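Okay, so here's the structure we're looking at.
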Amino acid sequence: MRRAPRRVVLKGAAATAGLAAAGTGTAPSASATAGDRPESVTARLGGTSVALSVARGVLRWSARRNGRTVVAASALGLRLDDGTVLGRDVQVIRERHRTRRTTWTPAYGRNATVTDHYQEQRWDLRDRASGIRFGVQVRAYRTGVALRYLLLDQGTATVADELTMFAFPDGTTVYSARDENAYEPVAPGSIPVTGTSTTDNGPLTDLPLTATLPGGLIACVCESSRVDYPRLMLGSVPGEPYALSAFLMEHTARGTGPVETATTVTTPFATPWRAVVIGATHAELVDNAELVLNLAPPSALPDTSWIKPGKVFRCELTTAAGLQGVDFAVARGLQYIEYDAGWYGPEFTTPDATEPIAAIDLPSVISYATSRGIGVFLYVNRLALTDAGSLFGLYKSWGVRGVKLGFINDGTRSMTGQIIDWAKTAAAYELLIDMHDDVRPFGYERTYPNWISLEGVRGNEQFPTATHNVTLPFTRNIGGPMDYTICYGQSRDKTTDAHQMAMAAVYYQPLNFLFWYDKPSKYGNPANWPGLPWFNAVPVTWDESHTLAGAIGEHIAVARRNGPDWYLGAMTNESSRTLALPLSFLGGGTWTATVYADGTPGANPYRTPVVVGTRTVTASDTLDVAMAPAGGQAVVLRPN
C-alpha cells in the first residue's frame with residue numbers, strides 16, 4: 001500500500017499533564033521501573049473483552065467474544081511526520097480504569113432509549129526515543145469493543161499515518177466495497193486494488209467493513225467521533241492474508257480538492273474511535289449498531305423539538321408537480337416533498353442556488369405545502385455551498401425544512417471539518433440535512449441530530465441485486481442511517497414489490513425517500529397497488545427494534561415498534577425461503593397481523609404481485625414467512 005513521505009512537528013512541554021483522566025484506579029504503572037517486562041490489561045463486559053499489551057516495548061491490542069478470537073494480537077501506533085513511530089518502543093507510565101453505565105434518549109433512532117455500558121482501560125505511555133507522551137483508551141461493551149489514541153503533550157502534533165492493525169482469525173471473510181461499488185466477499189488479504197491517479201490508490205476498502213469469522217461470529221469495523229481527522233479506510237497487508245491495516249485518506253473520495261498527506265492537530269488530542277461491533281449471530285450484529293452512537297459526543301443542540309424524521313416524495317421540476325406532490329404526500333402519509341437536482345439550473349454549471357428555474361414558483365409551492373402540514377426539502381450541489389450560512393439562512397426565510405447536499409466528497413481532514421460545519425450551520429437555521437454520494441457515517445447524527453441521513457452506499461435507484469440488499473443491514477447500515485430511495489413497483493427492479501416494501505422496516509433510515517422515479521398519477525387507482533397502506537402507515541423512527549433472523553447476503557427479518565404497533569420486514573436474496581419467526585416480542589393478548597406477501601410470479605419473476613391477508617396471533621405463535629426469490633414480506637401487527 002502506498003505511503004507518501006511525511007514530516008512531523010511536535011511541540012510543547014513533555015512534562016505538562018495531558019488529557020484529564022476519567023474514572024478510578026489511576027495508580028502509576030510498575031513498568032515505569034520494570035524495564036521490558038511484558039504487561040497487559042483487559043476490559044471485559046458481558047462476554048466481550050479487549051486487551052492491551054506491551055512486550056519488548058511493542059504495543060498491541062486484541063479482542064474476544066465468548067472466549068473466541070475476534071481480533072488476534074495486532075499492532076497499534078501512530079507515525080508522526082518526521083518518521084517517529086509511537087507504539088514500537090514504549091514504556092507504560094500510568095494505568096487507569098473505570099466502568100460506567102448510563103442511558104440516554106436520542107432525538108430519534110432505532111430505540112427510544114440507548115444504554116451506554118462499558119468497562120474501560122487506559123494506558124498513558126512514553127515513547128522511549130523521543131520522550132513523547134501518548135495514550136491508548138479501550139472499551140469493552142456487550143455489543144463490541146472500541147479503541148482510540150490520545151496525544152497527551154500540550155502543543156501541536158502532525159500525524160502522518162495510523163498503524164492500527166486488525167489481525168482476524170484464519171478463514172475470515174470480509175465484505176469489501178469502495179465508494180458506491182457493490183460489496184465483494186473476499187479474504188482480508190485480497191481487497192481489490194482501486195483508485196485513480198487523483199484518489200488514494202491501493203487494496204483499500206471503505207468503512208463500515210464487516211467480517212464473518214470462523215465459528216459463526218460476525219464483526220463490523222466502524223469509526224465514530226471523527227473530528228479534525230481524515231476518514232479511515234482499511235487495506236490489505238502484504239504477506240498477511242487475514243490482516244487489515246488502517247489507512248488515513250489523503251485525497252477526497254472522488255479526487256477533488258487539495259491532497260493532505262498529514263494532519264496537524266492541537267494537543268492534547270483524541271483520535272476518532274475505531275469501533276468493532278460484534279455479534280454472536282448475524283442477527284445480533286444488527287441490533288448492536290448503537291455502539292457507534294455511544295462513542296459519539298452527546299447532542300450539541302439544546303432544543304431538538306423541531307427535528308422531525310419522515311417520509312419524502314421527490315417531485316418533478318415544475319410548480320404543478322410540486323403542488324401535486326404535496327397532495328400526494330398528504331394522501332399517502334408522507335411528511336416532506338423534495339425538489340432535487342436542477343431546480344435552480346444545471347447543478348454542475350450553476351453555482352447559485354438562490355433562484356429557482358422559471359418552471360417552479362417556489363414560494364407558492366412552499367406556502368401550499370406549509371398550509372397542508374408538509375415540509376419542503378431542496379437539493380444543493382456542493383458547488384453552490386461557498387457560503388452555507390447565507391444560503392441556509394435564505395432557505396429558512398423561505399420556509400424550507402431541509403437540504404439535501406449532493407456530491408459531498410468526504411475523505412480528508414478538511415472535508416471532515418466541512419461536513420461538521422455544514423451540519424452545525426444547518427442546525428443554526430433549524431434545517432434538516434441529508435448528505436449524498438461518497439460520505440461515510442461517524443456517529444455525528446447523535447451530536448447534530450439534524451444531520452438526519454446520508455448516502456455512502458450503492459443506492460437502490462441503481463436497481464441492485466437482492467443479494468446486495470440483504471448485505472446492507474450487516475454492513476453499511478451498521479455505521480449509521482442510510483438514504484436508500486425505495487423503488488416500489490418499478491419495472492427495473494431486480495426484486496419483488498414485497499421485497500421493496502420490507503426495506504421500510506429492515507433498514508434504519510429516518511429520512512425515507514419513497515416512490516423514487518414515480519409520479520402521483522401512477523397511484524391514481526390505489527386498488528392496483530395493494531402495498532400502499534403499508535407505506536401510508538410505516539414510521540421511520542422507533543421505540544424498540546429486534547432483529548429476528550439474518551445471514552449476511554442471504555436473508556434478514558427485523559421487527560420494530562412505534563407506539564403500540566409493530567412493523568416487521570423480511571427480505572431474501574435470489575433464493576426462495578421460508579423463515580419461522582417467533583412472535584415472543586409481542587405483548588399479551590391477541591394481535592391482528594396484516595401480511596403483505598409475495599404472490600404467484602408470472603413471466604417476469606420480479607413482477608410478483610403483492611398478496612394481502614390477515615390473521616390473529618399471540619406472543620406464543622410463530623409466523624411462517626414465505627418469500628419468493630428476491631422477495632420479501634411486510635407485516636403490520638396491531639393489538640386487538
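Remember, predicted model here, so these are calculated numbers, not experimental data. Count residues from 1 along the sequence.
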Indicate yes or no: at least one non-hydrogen side-chain atom of [X] is less than 4.5 angstrom from one of [Y].
X	Y	result
Leu385	Val380	yes
Met627	Leu579	yes
Tyr517	Arg492	yes
Met233	Leu207	no

Exercise for review: Apply the ring-ring contact (aromatic ring centres under 6.0 Å, His included) test between Trp529 and each candidate in Tyr523, Trp534, Phe535, Tyr596; give the one that qualifies.
Suggested key: Tyr523

Point to revise | Option from Tyr108, Trp422, Phe442 for which ring-ring contact (aromatic ring centres under 6.0 Å, His included) with Trp451 holds | key: Phe442

Run the side-chain donor-acceptor check on residues 386-393: report pairs under 3.5 Å with partners two or more places apart or on a different chain.
unit_1: Asp387; atom_1: OD1; unit_2: Ser390; atom_2: N; d: 3.2
unit_1: Asp387; atom_1: OD1; unit_2: Ser390; atom_2: OG; d: 3.4
unit_1: Asp387; atom_1: OD2; unit_2: Ser390; atom_2: OG; d: 2.8

Before accepting this row, confirm whether a basic side-chain N of the pair [X]/[Y] lies closer than 4.0 Å to the acidic partner's carboxylate O.
X	Y	answer
Arg476	Asp206	no
Arg178	Glu184	no
Lys396	Glu430	yes

Gap separating the [atom1] atom of [X] from the [atom2] atom of [Y], nearest 0.5 angstrom:
X	Y	atom1	atom2	result
Glu544	Asn562	CD	CG	11.5 Å
His436	Phe407	NE2	CZ	10.5 Å
Glu355	Tyr344	CD	OH	13.0 Å
Cys487	Leu514	SG	CG	10.0 Å
Arg332	Asp327	CZ	CG	12.0 Å
Thr447	Leu293	OG1	CG	9.0 Å

Looking at residues at least two apart in the chain, or sitting in another chain, which of them share a salt bridge (charged side-chain N to carboxylate O under 4.0 Å, His left out) with [X]?
X	answer
Asp543	Arg561
Glu223	Arg226, Arg274
Asp518	Lys522
Glu347	none

Review point. Which word best sums up how the rings of Phe474 and His282 line up, parallel for under 30°, tilted for 30 to 60°, or perpendicular for over 60°?
Key: perpendicular

Exercise for review: Can you label the angle between the Trp343 ring and the Trp398 ring as parallel, tilted or perpendicular, going by 30° and 60°?
Suggested key: perpendicular

Tell me if a side-chain donor or acceptor on [X] pairs with a main-chain N or O of [Y] at a distance below 3.5 Å.
X	Y	answer
Thr199	Gly195	no
Asn450	Leu431	yes
Thr304	Ile307	no
Asn409	Arg254	yes
Asn477	Tyr507	no
Asp352	Thr354	yes
Gln633	Ala498	no
Thr205	Ala177	yes
Arg560	Ser545	no
Ser367	Pro363	no

Practice item. Would you sort out whether Arg231 and Asp438 count as a salt bridge (Lys or Arg N to Asp or Glu O under 4.0 Å), showing the intermediate values? Key: CA-CA 11 Å; Arg231 192 169 100 189; Asp438 194 2; 3.4 Å; yes

Exercise for review: Verify salt bridge (Lys or Arg N to Asp or Glu O under 4.0 Å) between Asp179 and Arg458, making sure each step is shown before the conclusion.
Suggested key: CA-CA 8 Å; Asp179 199 346; Arg458 184 174 184 81; over 6 Å; no

**Study point:** Residue pairs passing the side-chain hydrogen bond (donor to acceptor under 3.5 Å, both in side chains) test where at least one lies in residues 310-321, sequence neighbours excluded
**Key:** none

**Study point:** Trace of the salt bridge (Lys or Arg N to Asp or Glu O under 4.0 Å) decision for Arg440 with Asp410
**Key:** CA-CA 7 Å; Arg440 294 284 166 152; Asp410 191 10; over 6 Å; no

